[in-house]
Every structure is written in structure tokens, then in C-alpha cells.
Amino acid sequence: MSDPRVELATFPTPVEPAPRLATAIGLGPDDLWIKRDDLTGLGGGGNKIRKLEWTVGAALAEGADTLVTTGAPQSNHARLTAAAGARLGLAVVLVLRGSPGVSRSGNLALDGLFGARIAWAGEVDQAGLDRAAAEVCEQLRKAGAQPALIPFGGSSALGARGYARCGEELRGQLPDLRTAVVALGSGGTMAGLVISLGVEAVLGVDVGALPEPAAAVSEFAGLTAPEGLRIRRDQVGDGYASLPAPTAEALTLAARTAGLVLDPTYTGRAMAGLIAAVRDGDIGPGERTVFVHTGGLPGLFGHGEGVAYAEGQVVEYRA
């Protein structure tokens, strides 16, 4: 099966200059551009659609009628899997860490609108989540369904092909690109960019989704070893669901200099990583830099600390 891709989104996504943000972080006004992969269209947009075009395409080619995937309660990937299923007429079961009664704002609200069913797996690690998903798939088969298990975060060697195409888009849009900065979660997005742009041109900012993200990127990109990958691990803070101070500052700066909305888990940390990379000299003035905006807006509204921080920035007007 050489090309199982199914079209789910609108490409190419635009690149936009961000001169005020660039100068605010120490770059030249023409140095920083934003790759708007938050504008992919389906289900609120975001990077996961590029991967799902391949993984769901493969599932359809194999006769699947139900999509099953895993994630955290506010998973962007789960939300977009639900949206893909709705568009294509497939049933969707989301196997999520945790239990009923958690916040239903953000991505969870959209999961419900798209018609996905949720199987709560309890407080389990990734291995436990994988086992729960396998059990759900077996139950569905016994009920006569044809389930396809979509990998965590949509990340696999197949899913990475979506971001290899994104890298090709970027080379066409900005031929003098020096560094693409992107959030590093489950690994497939960075891996795809590495495939088409090369290890030296991609800076991944770890968000804390995996204990060894470099190994995942290396595997999905088909590298023999992770050495040479540019990965920052200084923005994780207290964990995946926390709001580190540099991330909060990055949210505010991007919003107030570029009208750009980031989320606390992925793009906010990635922007904090970009700011740190400029500060310590890894990225410098005169270098064409692209920030890959991977979406995640619904996740902001499902992040209690993030919403509280944003609301705390409101200043009352007094004449």
C-alpha cells in the first residue's frame, strides 16, 4: 500500500510574517514566520489532521468501520480523530486516561459534538492505556465491528508522512528556511519535518508527553540513532498539564505582538522554547526561522490554570 492517504483538510497552509513578535524576542523583523497549521480546517484545525490523513486512509483501505485511539482527556488528536470519523461516516471510540466527571470543556466538548464514544481507562500509564484500547478493539470485533487502532497522537512512521509533506510545503514557501521550531509531543510531527528538512533544520521543544521523545522521533523518521536531533527539554516544567512561567509569558507575548493564540500544553511551550533558543544563541538574528503553529485552541479552554491565567490578564478600563 504505497499511498493510502485520504483528504481531510485544506493544504497548503499559509505562512505569515510576525515582525513585532520577532523583534520582541530578539530577532530581526523579517526573520520570524508562522506556519499556520492551526488552519487545517477540519474539526477546529491543528497538526493531527496531517497524520490522520494517512492513518485513517490506511484504516479505510483495510475495511475499518470504527476508529479507536487513545489520549488524555484534552487530547487534540482524539478530538480530530472524532472529527475525521464524523466526516467519513465512521464510528469513533476514544480511550482516554482518567474517569468520568472531569471537565467537559475544551476538546471533550467537541468530542461529544462529533459523536464519539468515550471509554475511560482510569489512572493508567501509557502501557495501561494501550491495553485498554486493545480490549475495546476486541469487544468491538465480538460485536461485529471492524475497528482500526489509530496510534497515540497519530504518531507512527506512516503518520509522519503527513509532516514530511508539510516540510516540503515549507521549503517551497520559504526556500531560505534555517530552522523550523515545533512542539514535540508524541514525536510524529517533528519526525516528518526531519524527513523532509533534515535534522539540522528542525528544533523540537519537548512538552513532556513521552519519557524519551528523541527515541520516538528517531524511530518514526527512520534514523539509525537519535544523535544530532535538536531537542530542547527545558520547557516541561512540572508536567504535561502544568503552566510553567515561561509558557505563560509566551502566551501573552504572542497574543499581544502578533494576535496569535497559543495553548498551554503544546504551542505555548514551543514558543517558550523558541524564545529560550534566541536568548542562548541557538537561533540568531538574520536566520529565517519558522514557528510551526500546530493548533490546540480548544485545549486552552480545557486547561483550568491556563484559563485562569488568561482571565487574570484582563484590565478594567477606567476613564
Side-chain angles (χ1 to χ4, degrees), residues 12-38 47 163-164 166-185 187 189-208 213-214 217-218 221 223 225-237 244-264 266-294:
T13 55
V15 291
E16 300 174 348
R20 295 189 65 243
L21 177 56
T23 56
I25 68 174
L27 296 176
D30 296 326
D31 293 342
L32 181 61
W33 294 67
I34 312 298
K35 177 64 167 169
R36 296 298 303 270
D37 260 26
D38 56 322
N47 66 316
Y163 265 84
C166 179
E168 293 166 1
E169 283 179 24
L170 272 172
R171 280 296 187 205
Q173 293 166 319
L174 297 170
D176 57 346
L177 166 66
R178 175 72 177 272
T179 300
V181 180
V182 68
L184 170 53
T189 299
M190 181 178 178
L193 293 173
V194 165
I195 290 170
S196 54
L197 298 177
V199 294
E200 72 287 345
V202 184
L203 174 62
V205 181
D206 181 23
V207 305
V217 174
S218 179
L223 304 178
E227 285 76 17
L229 290 171
R230 295 172 64 189
I231 295 175
R232 296 192 73 102
R233 306 200 69 182
D234 58 347
Q235 303 301 323
V236 174
T247 299
E249 293 164 6
L251 294 179
T252 305
L253 185 63
R256 295 182 181 179
T257 61
L260 200 64
V261 182
L262 307 179
D263 78 285
Y266 294 97
T267 52
R269 281 181 166 88
M271 182 59 70
L274 169 57
I275 294 168
V278 174
R279 186 175 59 241
D280 64 23
D282 186 34
I283 294 174
E287 299 177 4
R288 183 58 54 86
T289 302
V290 172
F291 179 81
V292 182
H293 191 328
T294 53

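All residue numbers in this chain count up from 1 along the given sequence.
The minimum heavy-atom distance between Glu169 and Thr13, with the atom names listed, is OE1-N, 3.5 Å. Between Leu260 and His293, the closest heavy-atom pair is CD1-CD2, 3.7 Å. The shortest heavy-atom contact between Ser196 and Tyr163 is OG-O, 4.0 Å. Among all heavy-atom pairs drawn from Pro246 and Ala272, the shortest one is O-CB, 3.7 Å. Smallest separation of non-hydrogen atoms from Leu203 and Ile231: CD1-N, 4.3 Å. The shortest non-hydrogen separation linking Ala24 to Leu253 is CB-CD1, 4.0 Å.
Checking side-chain atoms of Thr267 against main-chain N and O of Leu262 turns up no donor-acceptor pair under 3.5 Å. With hydrogens and angles ignored, the 3.5 Å screen pairs no side-chain donor or acceptor of Gln235 with any backbone N or O of Leu274. At distances below 3.5 Å, at least one donor-acceptor pair connects side-chain atoms of Arg230 with backbone N or O atoms of Glu200. A donor-acceptor pair under 3.5 Å is absent between the side-chain atoms of Arg288 and the main chain of Pro175, judged by distance alone.
Two residues are said to be in side-chain contact when any heavy atoms from C-beta on lie closer than 4.5 Å; Val261 and Asp38 fail this criterion. Residues Glu249 and Ile275 are not in side-chain contact: their nearest non-hydrogen atoms beyond the backbone lie 4.5 Å or more apart. Looking at Met190 and Pro213, their side chains never come closer than 4.5 Å, going by heavy atoms from C-beta outward. For the pair Asp37/Thr189, no side-chain contact is recorded, criterion being any heavy-atom separation below 4.5 Å from C-beta on. Considering only heavy atoms from C-beta on, Leu223 comes within 4.5 Å of Leu229 through its side chain. Residues Lys35 and Leu177 form no side-chain contact, since every pair of their non-hydrogen atoms from C-beta on lies 4.5 Å or further apart. Residues Asp30 and Pro17 fail the side-chain proximity criterion, which asks for heavy atoms closer than 4.5 Å.
For the side chain to side chain donor-acceptor pair (under 3.5 Å) test, residues two or more places apart in sequence or in another chain that qualify with Glu16 are Arg36.
The environment of CZ in Arg233 is crowded: more than 12 heavy-atom neighbours from other residues, nucleotides or ligands sit within 6.0 Å.
Here salt bridge (Lys or Arg N to Asp or Glu O under 4.0 Å) pairs that include residues 267-277, with residues two or more places apart or in two chains, number zero.
Checked by atom type, the side-chain pair Asp31/Thr289 shows no donor-acceptor distance below 3.5 Å.
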